[in-house]
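What you see is a predicted model; the values in this text were computed from it and never measured. Keep in mind that the numbers below use all heavy atoms, side chains included, and drop hydrogens, waters and symmetry copies.
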Amino acid sequence: QVQLVESGGGLVQAGGSLRLSCAASGRILATYNRGWFRQAPGKEREFVASINWSGSTTYYTGSVKGRFTVSRDNAKNSIYLQMNSLKPEDTAVYYCAADLDRRTTVPGRRQDEYDYWGRGIQVTVSS
């Protein structure tokens with residue numbers, strides 16, 4: 001069984017930065033695509049960023065391009081989301097996910113492309 005645990009969230013002022021981490025246990029995820037999603041209050045969960053198993057391909061939703069960077073360290077079985085120039089509209093619970101089912105070098109951007117999810121971590125950006 002795979003467990004994903006997010007860390008690094010918290011409260012930050014607009015314009016500030018946070019770095020989220022997602023550590024995996026129970027299975028080595030070095031050869032699997034990974035993703036980040038978020039859910040703001042009163043809204044559906046949405047795609048934020050994804051990265052393929054080698055780190056050679058990344059995708060971002062338009063609102064975070066140029067501000068967020070997804071990366072991974074396969075030796076640590078972890079992925080990261082560096083968030084810069086944070087805005088109040090980035091306030092949400094952030095979830096990491098792992099795709100253990102699809103054999104592709106293209107990381108997914110839909111929730112149904114991921115099999116395992118973390119519990120989420122709160123990120124709050126004050127204005």
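- Looking at every heavy atom in both residues, Ser127 comes nearest to Ala14 through CA-CB, 4.4 Å.
- Counted by atom type alone, Ser126 and Gln13 present zero donor-acceptor pairs between their side chains at under 3.5 Å.
- At a threshold of 4.5 Å between side-chain heavy atoms, the hydrophobic network of Ile, Leu, Val, Met, Phe, Trp and Tyr places Tyr114 and Tyr116 in two separate groups.
- Side chains of Ser17 and Gln82 form a contact here, defined as non-hydrogen atoms less than 4.5 Å apart.
- Using a 4.5 Å heavy-atom cutoff, the side chains of Glu113 and Asn33 are not in contact.
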- Message: side chain to side chain contact (heavy atoms under 4.5 Å, CB included), that's the test. Do Tyr59 and Val106 meet it? Break it down for me.
- Response: CA-CA 9 Å; Tyr59 291 120; Val106 179; 3.7 Å; yes

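- Arg45 is not listed as a side-chain neighbour of Val93, based on a closest heavy-atom distance of 4.5 Å or more.
- Between Asp115 and Arg102 there is no salt bridge, since no side-chain nitrogen of the basic residue lies less than 4.0 Å from a carboxylate oxygen of the acidic one.
- Judged by the 6.0 Å distance and 45° axis criteria, Arg119 is not positioned over the aromatic ring of Tyr95.
- Stacking of Arg103 on the aromatic ring of Trp53 is not recorded, the 6.0 Å distance cut-off and the 45° axial limit not both being met.
- Aromatic pair Phe37/Phe47: centroids less than 6.0 angstrom apart.
- Between Leu29 and Val2 the shortest heavy-atom distance is CD1-CG1, 4.1 Å.
- Side-chain atoms of Gln122 and Thr124 form a donor-acceptor pair, as typed in the model, at a separation below 3.5 Å.
- Through direct or relayed side-chain contacts under 4.5 Å between Ile, Leu, Val, Met, Phe, Trp and Tyr, Ile79 connects to Val12, Leu18, Leu20, Trp36, Val48, Ile51, Tyr60, Val64, Phe68, Val70, Leu81, Met83, Leu86, Tyr94, Ile121, Val123, Val125.
- No side-chain donor-acceptor contact under 3.5 Å links Gln1 to the backbone of Gly26.
- Residues Ser63 and Thr61 have side chains that never bring a donor and an acceptor to within less than 3.5 angstrom of each other.
- A donor-acceptor contact shorter than 3.5 Å is absent between the side chain of Ser85 and the backbone of Arg67.
- Side-chain contact check for Arg27 and Tyr32: at least one donor-acceptor pair (N or O, by modelled atom type) lies under 3.5 Å.
- Between Asp99 atom CG and Asp112 atom CG the span is 10.0 Å, to the nearest 0.5 Å.
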- Message: side chain to side chain contact (heavy atoms under 4.5 Å, CB included) for Glu46 and Arg38? Distances and angles first, verdict last.
- Response: CA-CA 5 Å; Glu46 64 172 359; Arg38 67 186 180 186; 2.7 Å; yes

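- Contact between Cys22 and Arg34 at its shortest, heavy atoms only, is SG-NH2, 3.5 Å.
- Note: Ser54 OG to Arg72 CZ = 8.0 Å, rounded to the nearest 0.5 Å.
- Note that Arg19 lies in the cation-pi zone of Tyr80, set by a 6.0 Å cut-off to the ring centre and a 45° limit from the axis.
- Nearest heavy-atom pair across Leu100 and Ala98 is CD1-CB, 3.7 Å.
- Taking the side chain as every heavy atom from C-beta outward, Asn77 and Ile28 approach each other to under 4.5 Å.
- Judged purely by distance below 3.5 Å, without hydrogens or angles, the side chains of Asp73 and Ser78 never pair a donor atom with an acceptor atom.
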